[in-house]
Each structure stands twice: as structure tokens, then as C-alpha cells.
Amino acid sequence: MTDTAFVEIRNAAKSFGSLQVLRDINLKVERGQIVAIIGPSGSGKSTLLRAINELDPLSSGEIWLEGVQINKKLPHRQYERHVNQVRQDIGMVFQHFNLFPHLTVRENITLAPKLLKGMSAGEANALAEQQLAKVGLMEKIDAYPSQLSGGQKQRVAIARALAMKPKVMLFDEATSALDPELVEEVNLVMKQLAEEHMTMIIVTHEMGFAESVCDRVLFMDGGVVVEEGPPEVIFRNPENERTRAFLRKHLQTNHNR
Amino acid sequence: MSLDFTVVPQFLDVILLGVLWTILITLGASVLSFFVGIFFAIIALYAPWFVRLPFRAFEWLFMGTPLLLQLFLIYFGLIQVGIDLPAFVAGVIGLGLHYAVYNSELIQASILAVDRGQTEAARTLGLSRMQTLRYVVVPQAVRDVIPPIGNNMIALLKDSALVSVIGVSELTLSAQQAIGRTFRPFEFYVTAAAFYYAINLIMEAVQRRIERRIALSR
């Protein structure tokens with residue numbers, strides 16, 4: 001059918017005016033693989049992640065998901081329809097959760113399935129319960145987001161994304177905004193997803209977590225992938241001097257915390 | 001000559017009918033101004049220029065001219081082009097559109113103030129632009145704007161007295177009718193004022209209730 005990998009990024013580049021934030025990035029992710037993207041702030045890792053579902057479209061290059069090009073050049077109306085379609089296959093979890101505050105947990109989860117998959121209220125409800133059970137928050141189904149802790153909010157956000165049955169999940173620093181004691185509950189949910197072989201691309205500052213769940217790690221700096229490899233190599237024995245410097249600095253700041 | 005409030009109860013039926021009309025006009029115009037205000041806000045923010053520009057002119061007409069003139073125009077002026085509206089309907093439309101323009105300004109600001117992350121989250125799930133507005137952005141914007149809109153509705157109540165000039169027997173005109181027959185302006189104007197104040201208090205209570213109910217969902 002196609003010669004592209006499950007998720008494939010080819011020659012990705014992006015600039016804001018004269019500032020080039022991504023340069024010639026290539027990435028292949030196979031089905032069920034988990035890839036972590038690490039790097040200092042401003043390295044372009046979040047921009048790359050947001051390019052995958054067209055939140056921040058690339059200036060040039062291609063993004064493919066299961067043989068479908070996501071960033072197709074199309075006339076405006078067709079492009080909108082295409083993007084709305086492909087985004088249903090790409091779950092995204094944000095640093096600041098972005099739950100809908102005017103809706104209950106149940107409504108947060110069922111909104112998109114009802115609108116986009118034509119699910120009845122009953123079907124959508126069953127789905128919401130199933131997803132919430134998975135993230136361990138069944139008892140919060142009728143709560144509003146303002147009644148949840150940060151960790152609970154993020155677990156609901158994950159359940160909301162999973163309810164669309166995405167082919168790939170993108171995590172944009174999902175635990176960076178959480179108090180340290182709430183990080184673990186979110187990490188556990190992500191680990192569980194890993195065990196179910198969900199394809200995931202994770203932008204993170206949690207080196208320990210990345211090392212324990214990921215198949216591959218990309219180190220980005222200055223808009224390019226500086227080094228890429230299995231976690232045991234990147235974290236234990238990186239080749240590149242910039243990777244080493246970054247990890248050393250990161251280790252220090254974490255010890256000082 | 002002394003004040004004598006004992007004449008008031010004899011005209012209570014006239015006054016209460018006036019109260020009823022005032023409430024109907026205020027309610028009708030409030031509901032109209034609320035929904036049309038949302039519609040105007042979306043036009044002002046998202047419509048293409050060839051819709052937006054004529055709309056701006058229309059908006060200017062309603063913000064830049066006296067409400068009284070607008071009521072005359074809708075009630076007397078439109079007859080000439082074949083639109084003969086009953087006075088009550090003309091009053092509700094005039095007040096409703098006038099306040100819709102003011103509500104629209106509030107709602108526009110509120111829409112723009114909804115966190116970008118909300119739109120991103122909705123679009124990421126696959127919602128279209130329109131669905132995102134309809135289900136995520138506008139409901140939040142409207143919730144945030146309920147206190148200032150409530151203030152507009154109280155101003156609308158007071159402006160509903162202007163509808164008396166096109167012949168709707170609302171509270172102010174009813175008071176005048178009673179005065180015409182008794183020559184007791186002080187008593188009846190004070191009575192009318194008391195009723196306006198009472199309606200005002202009820203509106204504030206309703207507004208507080210709504211605000212309490214939505215407090216959780218912000």
C-alpha cells in the first residue's frame with residue numbers, strides 16, 4: 001500500500017519569519033513504538049509535536065500517518081475537512097490539560113465522539129465510563145474540571161483523547177505543570193498505555209520516565225535532531241557532546257530540587 | 001395641598017397592567033438582545049469583510065444614535081416601506097437590537113479572552129472551527145459575560161419607559177394615564193418608581209442565582 005512508516009516525518013522544516021525553529025528533521029515511528037523527544041527549551045521539540053497534527057503547520061516537509069499525508073496542500077475547504085478527519089486519529093495531551101471547564105468530566109469525554117462519530121448518548125456514556133475506569137477516575141464522572149487536582153485533570157484529558165480511539169498519542173510535556181507528588185499517577189497511566197502497545201510520541205523533561213518506557217529517544221537542540229538512539233545509549237553513553245552537556249545539567253538541577 | 005396616596009389603590013389595575021407590559025417588553029427585548037448579541041459577535045469576529053463592513057455600519061447606527069429615534073424609525077418610519085409593526089413588537093425589536101449591539105461588544109471581548117488552549121484542544125479532537133465555537137468557545141464566553149450583560153438588562157428595563165412614546169401602555173405611560181385622571185403626578189410617579197425598583201430587585205436576584213449556578217463550571 002505504501003512505503004512510509006506508521007508515523008513518518010520527512011525533511012521537516014519550520015520558520016517563524018527569519019527564525020528557523022525546525023531544520024531537516026526526519027523521524028520514523030513504527031506501530032506500537034514509543035518515542036521520547038528531549039532537549040532544552042526552545043529546541044523545537046514542542047513545535048515538532050504540534051506540527052504532527054497541524055496545530056503548527058510545517059513550512060516544508062511531509063508528515064505521514066499510516067500511509068496518509070497529514071499536511072497535504074489542499075484548497076482551504078478541502079484542507080479543513082481533511083485536517084478535521086486526520087486529527088481524529090491523533091490524540092494529543094497538553095501541558096496545561098485544556099479540559100473544557102464548562103463541561104463535566106463525562107461531557108468532556110463524550111463531546112467529540114458524539115459530534116464526530118455519531119454516537120448516541122448511551123454509547124458515548126458507556127465509552128466515557130470505560131475510559132475513565134482505565135485512568136481510575138470513575139467516581140469523578142460528574143465532577144467539573146475545577147473540582148479536580150492537576151493529576152486528575154491530566155488523567156481525564158488522556159481519557160478524552162483515548163475516547164476517539166486514536167492511532168497515535170502525542171504528549172506535550174504532560175507532567176511539567178504538575179506538582180511533583182502528582183506526576184506519578186499520570187506516568188502510571190502512560191505506562192499502562194505503553195503496555196497496551198499504543199504508539200506514542202512524548203515530549204518530556206522526565207528523563208527517568210523516558211528511559212523506563214521509551215523504545216527510542218531523540219535529543220533535539222537548536223531545531224535539529226542532534227542525536228537519536230535507544231534510551232540506554234542516549235542516557236548512559238551519548239556520543240554527542242551537546243547531549244552529554246544537556247543531560248549533565250539536567251541531572252544537576254534535578255538533584256538540587 | 002397635601003399628598004394623598006390613598007388614590008393609588010383605585011388605579012392599581014391600570015398600574016399593574018403597566019407593570020405586566022414593562023416586564024413583557026423587558027423580557028422579550030432581553031432574550032432578543034442576548035441571542036442576537038451572540039450572533040452579532042460572531043459576525044463581527046469571523047464573517048468575511050463583505051459581511052463585516054455593512055454590519056459595522058449597522059452597529060454604528062445603533063450605537064451612535066438615540067434609542068428614541070430608533071424607536072420612531074422602526075415604528076413610524078417602517079410603515080412607509082410597508083412594514084407596519086404593532087407598537088409592542090416595534091418596541092421589543094428596537095430595544096432588543098439596540099442592546100444586542102452593546103451585548104455583542106461584551107461577548108466579542110469575552111470570546112477573544114477564552115484561552116487559546118481551549119480551541120487547540122477542541123481542534124485536536126477533530127472538531128471543526130464552527131463546532132469549536134459552538135460547543136467550546138461561545139459557551140465559555142457567554143458564561144464569563146453574564147455579570148455585565150445583567151447590568152445591560154437592568155439598563156434595558158429603565159429604557160423600556162421610552163416605548164411609552166410609541167403608545168405601549170407600559171408602567172410609565174400607565175402612571176401618566178392615572179395622573180391624567182387624578183392630577184396627582186407625585187403619587188403616581190413615586191408608585192411607578194417603586195415598581196421599577198421592585199422589578200430591578202427581582203432581576204438582580206435572578207442574576208445572582210444564575211451566577212451561583214455557573215460558579216462551578218468556570
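Fair warning: this is a prediction, and the values are worked out from it, not measured in the lab. First the proteins, then the strands, lettered A, B, ... as listed; each starts at 1.
Atom CZ of F35(B) has 12 or fewer neighbouring heavy atoms from other residues, nucleotides or ligands inside a 6.0 Å radius. In F39(B), the CZ atom is not crowded: 12 or fewer heavy atoms of neighbouring residues, nucleotides or ligands sit closer than 6.0 Å. Within a 6.0 Å radius of CZ in F16(A), other residues, nucleotides and ligands contribute more than 12 heavy atoms. A 6.0 Å sphere centred on CD of E139(A) holds more than 12 heavy atoms belonging to other residues, nucleotides or ligands. Atom NZ of K191(A) is surrounded by more than 12 heavy atoms from other residues, nucleotides or ligands within 6.0 Å.
At a 4.5 Å heavy-atom cutoff, R81(A) makes no contact with chain B through either its backbone or its side chain. With a threshold of 4.5 angstrom between heavy atoms, L55(A) approaches chain B through side-chain atoms but not through N, CA, C or O. Q131(B) touches chain A through its side chain: at least one heavy atom from C-beta onward sits under 4.5 Å away, while N, CA, C and O do not. For a residue to count as touching a neighbouring chain, one of its non-hydrogen atoms must lie under 4.5 Å from one of that chain's; by this rule F94(A) touches chain B with the side chain only. For M92(A), the parts lying near chain B are the backbone and the side chain together; criterion is any non-hydrogen pair under 4.5 Å. The parts of R123(B) that come within reach of chain A are both its backbone and its side chain, each placing non-hydrogen atoms under 4.5 angstrom from that chain. At a 4.5 Å heavy-atom cutoff, L170(A) makes no contact with chain B through either its backbone or its side chain.
Between chain B and the residues L99(A), N98(A), V86(A), the most heavy-atom pairs under 4.5 angstrom are made by N98(A). Options A122(B), G117(B), S128(B), G126(B) differ in how many heavy-atom pairs under 4.5 Å they form with chain A, and the most are formed by G126(B). Ranked by heavy-atom pairs shorter than 4.5 Å toward chain B, the options E54(A), E80(A), H96(A), M164(A) are led by E80(A).
With rounding to the nearest 0.5 angstrom, the CG atom of L127(B) is 8.5 Å from the CD atom of Q88(A). Expressed to the nearest 0.5 Å, how far CZ of F100(A) lies from OG1 of T132(B) amounts to 7.5 Å.
Contact check for L111(A) versus V136(B): side-chain heavy atoms found under the 4.5 Å cut-off.
Closest approach of L125(B) to L116(A), counting heavy atoms only: O-CD1, 3.4 Å.
Without hydrogens or angle criteria, H102(A) side chain to Y135(B) main chain gives a donor-acceptor distance under 3.5 Å.
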